[in-house]
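Worksheet for the structure shown next.
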Amino acid sequence: MTKGNFWPDDIQGAVSLTFDDGAITQLDNAVPCLDDHRLKGTFYVNPGRKQDWTDLVPRWQEVSRNGHEIGNHTTRHPCSCNFKFSREGYCLENLTLADIAETIDDATEALDALFPEQNGNRTFCYPCYQTYVGEGEGRETYVPLVAKRFKTARGWGERPNFPEVVDLSYAWSWAVEGNTAEELIAYIEGASKKGQWAIICMHGVGGQHLSIDNNAFQGLVKHLDENRHRIQTDTMINIAEYILSKRSGEQRN
Ligand SMILES: [Zn+2]
């Protein structure tokens, strides 16, 4: 495979903008900005987890109908017991693979019912970027269980992804809370020069937890719009499907 020609036409690299935990500031601030610039994002939600979920469903349905991806982030968001917020013992060191499968499949069932236009075609995001159940000698990875169910899943990592080789069952992302537009643009430009897929991970936008401020977000989105002829910004599912089809085409040649 020749380096640099992985993407279509004049595209140098790809970007996915991803948002975790169904935060309302994503609906209030991120979605309108993306829509103004005709760009699509991936929103990883937890059906039923928080009290305001039911109230927000109609707004998420509108987002989905507009072509954004609504992704699976489990129903119960299990993370390490070492986090203070892992209450009531439902945390990774105490769970089994069957427990993880249940919270993932419950989310899939809820999302299938609420977002029928997706036809079940969505990606996964590891809560707290963590991929295991159990502890010590009994610790096991749940990545294979995710890989069986999803074309790609987003974790956390130190670099953008090389599309030729990235393990799609744990694609790396950069969590950008507190960064400026200039820093974000430098990151995606550096990735594009190498032909990479840069995945940006966000939580609150212009408020709420781990937030990026509105100016930084808007500056990034404006840059992605102005450079759309050479940087492809799309959902996780669309980029993953392109990567898979490109890889299978290369194998046939
Ligand atoms: Zn989360």
Side-chain angles (χ1 to χ4, degrees), residues 16-31 34 41-57 59-60 63-64 68-95 99-111 114-115 118 122-133 141-143 145-147 149-150 152-158 168-179 199-212 217 235-237 240:
S16 290
L17 302 176
T18 69
F19 305 83
D20 294 14
D21 304 338
I24 193 168
T25 53
Q26 297 163 7
L27 289 164
D28 291 344
N29 299 326
V31 171
L34 291 171
T42 295
F43 296 85
Y44 291 111
V45 300
N46 311 102
R49 178 183 173 211
K50 297 215 171 121
Q51 280 181 341
D52 60 357
W53 168 252
T54 308
D55 298 337
L56 295 180
V57 160
R59 295 181 68 186
W60 288 119
V63 169
S64 176
H68 300 283
E69 179 185 3
I70 308 296
N72 186 323
H73 197 35
T74 76
T75 51
R76 300 183 67 182
H77 204 279
C79 292
S80 172
C81 305
N82 204 29
F83 283 109
K84 202 176 173 189
F85 59 76
S86 289
R87 294 181 297 263
E88 297 161 13
Y90 187 84
C91 46
L92 293 171
E93 287 79 358
N94 296 338
L95 301 184
D99 295 328
I100 287 290
E102 183 178 37
T103 187
I104 292 172
D105 293 342
D106 285 351
T108 292
E109 194 181 325
L111 297 176
L114 293 170
F115 306 100
Q118 294 188 318
R122 67 179 78 82
T123 64
F124 180 75
C125 173
Y126 294 90
C128 300
Y129 322 114
Q130 294 175 317
T131 58
Y132 64 89
V133 292
T141 175
Y142 76 82
V143 171
L145 190 153
V146 168
R149 289 165 168 76
F150 300 94
T152 194
R154 203 213 70 206
W156 177 90
E158 298 189 1
L168 291 174
S169 66
Y170 193 91
W172 289 1
S173 74
W174 181 35
V176 298
E177 49 266 20
N179 290 89
I199 304 173
I200 306 294
C201 164
M202 289 164 275
H203 292 82
V205 178
Q208 293 187 292
H209 66 304
L210 304 172
S211 78
I212 177 174
F217 182 73
T235 58
M236 291 289 293
I237 189 67

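All ligand and atom numbering here is 1-based and tracks the order in the structure. Being a predicted model, the structure only gives us computed values, none of them experimental.
- Within Asp21, the N, O or S atom at minimum distance from the Zn ion (ligand 1) carries the name OD1.
- Among the atoms of His77, an N, O or S atom is found under 2.8 Å from the Zn ion (ligand 1).
- Inter-residue side-chain proximity for Trp60 and Gln26 is flagged as met; some heavy-atom pair is nearer than 4.5 Å.
- In this structure, the side chain of Tyr90 does not engage the main chain of His77 through any donor-acceptor pair within 3.5 Å.
- His73 contributes NE2 as its N, O or S atom closest to the Zn ion (ligand 1).
- Within the 6.0 Å centre-distance limit, the rings of Tyr126 and Tyr170 are counted as a close aromatic pair.
- The SG atoms of Cys79 and Cys91 lie 2.5 Å or more from each other.
- Residue contact annotation: His203 places no N/O/S atom under 2.8 Å from the Zn ion (ligand 1).
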